[in-house]
Amino acid sequence: GIQVEQSPPDLILQEGANSTLRCNFSDSVNNLQWFHQNPWGQLINLFYIPSGTKQNGRLSATTVATERYSLLYISSSQTTDSGVYFCAVERRNFGNEKLTFGTGTRLTIIP
Amino acid sequence: EPEVTQTPSHQVTQMGQEVILRCVPISNHLYFYWYRQILGQKVEFLVSFYNNEISEKSEIFDDQFSVERPDGSNFTLKIRSTKLEDSAMYFCASSERGYEQYFGPGTRLTVT
């Protein structure tokens, strides 16, 4: 099946810093989503971004489908940004649709 | 904004007991999914469901698991005889075909 790798595995930053999280995937995909898992374990949808660039406030994401990677940018980090960020991809096969998740990047923002 | 809901938020059960986890997908979505996340690990696909039947299931989804859409709104995951290793967070998700999957808040299952 498709492989999804995220880097770095852990990231510790001071409040106000900027960060870039990377997601590499091993095959062409039909769907790519970024999630933030908060301290209560909930998965919060950040972006649906199979290709191109999107922005939402301090967060933005870029997917370069031809080169099989996606980047999540967080600017002016706040302590509430702490948590685990997951990238998940879908490669549609004979109509079957499932997301394959990466192992995540754990982001810790220090006040 | 429409959202996926799950009940209960936390379930504690004894080994060997049956549990049913419940989900209400977004109303106009036709594709439904269950995923699970063992503590500290990544989220894993269990099963997808469309048109009242399983579309795909992972190797984790063995005979002790089953899914059902008993009415027009609920989607359930049943574990017949729970094991210690079934302890995990279980997420339900729904989508329109080919679009973003929306996840519920999860049910934390603890098997003792």
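We name chains A, B, ... by the order of the sequence lines, and we start the count at 1 in each one.
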I'd like to know whether [atom1] of [X] has more than 12 heavy-atom contacts from other residues, nucleotides or ligands below 6.0 angstrom.
{"X": "B:E96", "atom1": "CD", "value": "yes"}
{"X": "B:L39", "atom1": "CG", "value": "no"}
{"X": "A:R106", "atom1": "CZ", "value": "no"}
{"X": "B:D63", "atom1": "CG", "value": "no"}
{"X": "A:Q55", "atom1": "CD", "value": "yes"}
{"X": "B:E85", "atom1": "CD", "value": "yes"}

Check: A:W34, A:L107: one ILVMFWY side-chain cluster at the under-4.5 Å cut-off?
Finding: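 A:W34 clusters together with A:L107.
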
Notebook entry, point to check: Is the backbone N or O of A:K98 less than 3.5 Å from a side-chain atom of B:E56, with the two atoms forming a donor-acceptor pair by type?
Noted result: no

Next item on the list: For B:Y35 and A:L99, indicate whether the former's side chain and the latter's backbone hold a donor-acceptor pair under 3.5 Å.
Entry: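 Yes, because the side chain of B:Y35 sits within donor-acceptor range (under 3.5 Å) of the backbone of A:L99.
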
[X] [atom1] to [Y] [atom2] distance, which is reported to the nearest 0.5 Å:
{"X": "A:Q6", "Y": "B:K42", "atom1": "CD", "atom2": "NZ", "answer": "9.5 Å"}
{"X": "A:Q42", "Y": "B:F91", "atom1": "CD", "atom2": "CZ", "answer": "8.5 Å"}
{"X": "A:E90", "Y": "B:Y99", "atom1": "CD", "atom2": "OH", "answer": "12.0 Å"}

Check: Looking at A:N45, A:T103, A:N31, which one has more heavy-atom pairs under 4.5 Å with chain B than the rest?
Finding: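 Winner by heavy-atom pair count: A:N45.
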
Notebook entry, point to check: What residue in A:G102, A:A88, A:G104 has the most heavy-atom pairs under 4.5 Å with chain B?
Noted result: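 Sorted descending by pairs with chain B, the first entry is A:G102.
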
Check: Is it the side chain or the backbone of B:Q37 that comes within 4.5 Å of chain A heavy atoms, both, or neither?
Finding: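 Answer is side chain: those atoms of B:Q37 sit under 4.5 Å from chain A.
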
Note to self: Taking side chain as everything from C-beta outward and backbone as N, CA, C, O, which of these in B:Y33 sits under 4.5 Å from a heavy atom of chain A? Side chain, backbone, both or neither.
What the structure shows: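 The answer is the side chain of B:Y33.
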
Checklist line | Evaluation steps, side chain to side chain contact (heavy atoms under 4.5 Å, CB included), between B:F45 and A:T100 | finding: CA-CA 7 Å; B:F45 168 78; A:T100 299; over 6 Å; no

